[in-house]
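Worth saying up front: this structure is predicted, and the values here are computed from it rather than measured.
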Amino acid sequence: MQILYICVHRGAFMKTTRYAVTSVKSGMILAEDVYNSSDQLVLNAGTVLTDRSITRLKFYSIHEVLIDTSPAKTEVKTRIRPSDVPTYTERVKRSEDYRTFAKSYKSTLDLFQNRISQFALTRKGLNAQELLDSVKQTFSTAETTGKIFDMLMCIRSLDDITFVHGMNVALISMLFGQWLGYSKEDCEVLMLAGLLHDIGKLKIPPEILKKKGSLTSEEFDIIKSHPLEGYNLLKDQNLDDRVVVSALPHHERCDGTGSPNGLKGAHIHDFATIISIADVYDAMTASRCYRGPICPLEVLNAFESEGLSKYDPKFLLTFMDKVVSTYLHQYVLLNNGNVGEIVMINKHSPARPIIRMLNSECLDLSRERSISIVGIV
């Protein structure tokens, strides 16, 4: 049965019909502006739909749109019942692998939060092995190590800037160590160092740590003190020295622009560099009060554009290459609105792979610098 709506637009009467995005076709005309869940404009009213713009609607999880069905515009005979268009993250969340991972993740997160909060108050009772064993169990629930990134991308509803972030950095650091060929023992030390790297944030007043507005210079200085606070919390514990020395310099950068000591290059411990890359990657791909999450491949592009002077290339290039490889043969959205499949990784520019477009033509993003990946379809 056809369901019609009447509205006034630009001084004239217009018939409209609400369609499921799965049922719209090229040539149909939007009768109203379309916004995503973050109230960002996706397409304007009056847009003549094309295959590319329909894909854009699906990418932003738009389920229904209002179509101009005036006789002079398009002939509409029926209204198709709306149906959900699962996004990439929705497809992952529906998998049994994700459900197993999420259950283990939440259990470990509760343990981590409880133990660390108590430790920060008393400076006693830090059972590092208990925490490590629990995180290792969560790590092992991913069917393949590459799936860790899929799982973390979907667990974002649990986001916070201390405990969830610490969990994520721990898991990423463990995987990073494996990519670098580190021993099992070294990988586990990296995992623990990642888990505890931001423990100093527990000494920062919550009203400053969670402030939504801009920080004063005094408040920013307090925030920047968290690496030193973390080091002071950990230095007297029975921990591998690399866990302790990673906490203090995890905001240092190879070019000397980091904090708290402005260290350069070889003066920064390798574990601290590894954790700093995992730290920034997770922070950028997480949702924040002032912005939504950034696509993982867009974050890697930013690393490639701005990070090679700030992070040791032998670590950063390995990280970028391996992360991009986890999305090989995945369909992605480009900043020009086109969709294509990642078919090959460029060794010297991993964040800019070769994309096979829907018309079967190949696009080398390392050569087309104005085009970049902005989303995973």
Worksheet item: Checking Thr122 side chain against Lys124 main chain: does a donor-acceptor pair fall under 3.5 Å?
Response: yes

Worksheet item: Do Val245 and Leu195 share a hydrophobic cluster, counting only Ile, Leu, Val, Met, Phe, Trp and Tyr and linking them when any side-chain heavy atoms are less than 4.5 Å apart?
Response: no

Worksheet item: Can we call the ring centroids of Tyr311 and Phe319 under 6.0 Å apart?
Response: no

Worksheet item: Run the side chain to side chain donor-acceptor pair (under 3.5 Å) check on Ser134 and Thr108 step by step: do they pass?
Response: CA-CA 6 Å; Ser134 187; Thr108 298; 2.8 Å; yes

Discussion item. Looking at Lys224 and Glu229, is any side-chain nitrogen of the basic one under 4.0 Å from a carboxylate oxygen of the acidic one?
Written reply: no

Worksheet item: What do the steps show when you test His165 against His197 for ring-ring contact (aromatic ring centres under 6.0 Å, His included), and what is the final call?
Response: CA-CA 10 Å; His165 178 59; His197 80 286; 5.3 Å; yes

Item to complete: Might you point out which heavy atoms bring Ala272 and Ser246 nearest each other, and give the distance in Å?
Response: N-OG, 3.7 Å

Worksheet item: Do Asn335 and Ser370 touch side chain to side chain, with heavy atoms closer than 4.5 Å?
Response: no

Worksheet item: In the single-linkage hydrophobic clustering (I, L, V, M, F, W, Y; side-chain heavy atoms under 4.5 Å), do Ile376 and Met357 co-cluster?
Response: yes

Worksheet entry | Carboxylate-amine/guanidinium proximity below 4.0 Å for Lys201 and Asp198 | yes

Worksheet item: What's the shortest heavy-atom distance between Thr285 and Pro296, and which atoms?
Response: CG2-CA, 3.8 Å

Worksheet item: Does atom OH of Tyr331 have more than 12 heavy-atom neighbours from other groups under 6.0 Å away?
Response: no

Practice prompt. Mind running salt bridge (charged side-chain N to carboxylate O under 4.0 Å, His left out) on Glu96 and Arg99 for me, showing each step along the way?
Written response: CA-CA 5 Å; Glu96 185 62 34; Arg99 286 190 285 270; 3.2 Å; yes

Worksheet item: Heavy-atom distance under 4.5 Å between the side chains of Thr17 and Asp68, does that happen here?
Response: no

Discussion item. Could you walk me through whether Leu43 and Leu49 satisfy the side-chain contact (heavy atoms from CB on, under 4.5 Å) test, starting with their C-alpha distance in whole Å, then the side-chain angles of each, then the deciding distance to 0.1 Å, before giving a yes or no?
Written reply: CA-CA 9 Å; Leu43 292 174; Leu49 294 177; 4.1 Å; yes

Worksheet item: When clusters are formed by joining ILVMFWY residues with side-chain heavy atoms under 4.5 Å apart, either directly or through shared neighbours, do Leu363 and Ile354 land in the same one?
Response: no

Worksheet item: Of all residues at least two apart in sequence or in a different chain, which pass the salt bridge (charged side-chain N to carboxylate O under 4.0 Å, His left out) check with Glu368?
Response: none

Fill in: salt bridge (charged side-chain N to carboxylate O under 4.0 Å, His left out) assessment of Glu32 paired with Arg18
CA-CA 10 Å; Glu32 64 181 4; Arg18 192 163 294 280; 3.4 Å; yes

Discussion item. Could you tell me if the side chain of Phe176 sits less than 4.5 Å from the side chain of Val169, heavy atoms only?
Written reply: no

Discussion item. Salt bridge (charged side-chain N to carboxylate O under 4.0 Å, His left out), that's the test. Do Arg242 and Asp240 meet it? Break it down for me.
Written reply: CA-CA 5 Å; Arg242 292 168 292 180; Asp240 187 294; 3.0 Å; yes

Worksheet item: Which heavy atom in Met344 sits nearest to a heavy atom in Leu328, and how many Å separate them?
Response: N-CD1, 3.9 Å

Fill in: Donor-acceptor pair, side chain of Asn127 and main chain of Glu130, under 3.5 angstrom
yes

Discussion item. So that I know where these two stand, are Phe149 and Tyr281 an aromatic pair - ring centroids less than 6.0 Å apart?
Written reply: yes

Discussion item. So for atom NZ, which belongs to Lys264, do other residues, nucleotides or ligands contribute more than 12 heavy atoms lying within a distance under 6.0 Å?
Written reply: no

Response to the item:
In short, His251 meets Pro227 closest at the heavy-atom pair CD2-CG, 3.9 Å

Worksheet entry | Residues Gln129, Asp133; criterion side chain to side chain donor-acceptor pair (under 3.5 Å); working and verdict | CA-CA 6 Å; Gln129 191 60 51; Asp133 288 343; 2.8 Å; yes

Fill in: Crowding at CG, Asn238 (>12 non-hydrogen neighbours, <6.0 Å)
no

Item to complete: Could you check Tyr105 against Asn168 for side chain to side chain donor-acceptor pair (under 3.5 Å), going step by step and ending with a plain yes or no?
Response: CA-CA 10 Å; Tyr105 185 104; Asn168 294 351; 2.5 Å; yes

Worksheet item: So if you build clusters from Ile, Leu, Val, Met, Phe, Trp, Tyr with side-chain heavy-atom gaps below 4.5 Å, do Leu263 and Leu248 land together?
Response: no

Discussion item. Between Ser349 and Glu304, is the side chain to side chain donor-acceptor pair (under 3.5 Å) condition met? List the steps.
Written reply: CA-CA 7 Å; Ser349 187; Glu304 187 169 304; 2.4 Å; yes

Response to the item:
When every non-hydrogen atom of Leu192 is compared with those of Ala128, the smallest separation belongs to CD2-CB, 3.8 Å

Worksheet item: Minimum heavy-atom separation for Ile268 to Thr273, with atom names?
Response: CG2-OG1, 3.6 Å

Discussion item. Assigning hydrophobic clusters by single linkage (Ile, Leu, Val, Met, Phe, Trp, Tyr; side-chain heavy-atom cutoff under 4.5 Å), is Ile148 placed with Leu131?
Written reply: yes

Worksheet entry | Plane angle bin for His269 and Phe271 - parallel if under 30°, tilted between 30 and 60°, otherwise perpendicular | perpendicular

Discussion item. Is it the case that over 12 heavy atoms from other parts of the model lie below 6.0 angstrom from the CG atom of Asp241?
Written reply: no

Discussion item. Under the criterion side-chain contact (heavy atoms from CB on, under 4.5 Å), I'd like the reasoning laid out for Ile199 against Tyr231: C-alpha separation, chi angles, the key distance, then a yes or no.
Written reply: CA-CA 9 Å; Ile199 192 173; Tyr231 172 80; over 6 Å; no

Worksheet item: With Glu361, which residues qualify under side chain to side chain donor-acceptor pair (under 3.5 Å), at least two apart?
Response: none

Item to complete: Start with the C-alpha gap between Val339 and Leu334, add the side-chain angles, then the distance that decides, and say whether side-chain contact (heavy atoms from CB on, under 4.5 Å) holds.
Response: CA-CA 6 Å; Val339 171; Leu334 305 179; over 6 Å; no

Worksheet item: Is Leu132 close to Met191 at the side-chain level, that is, under 4.5 Å between some pair of heavy atoms?
Response: yes

Response to the item:
The single option from Ile355, Asp364, Leu365 that satisfies side-chain contact (heavy atoms from CB on, under 4.5 Å) with Ile371 is Leu365

Discussion item. Could you check whether atom CZ of Phe119 has more than 12 heavy atoms from other residues, nucleotides or ligands sitting under 6.0 Å from it?
Written reply: yes

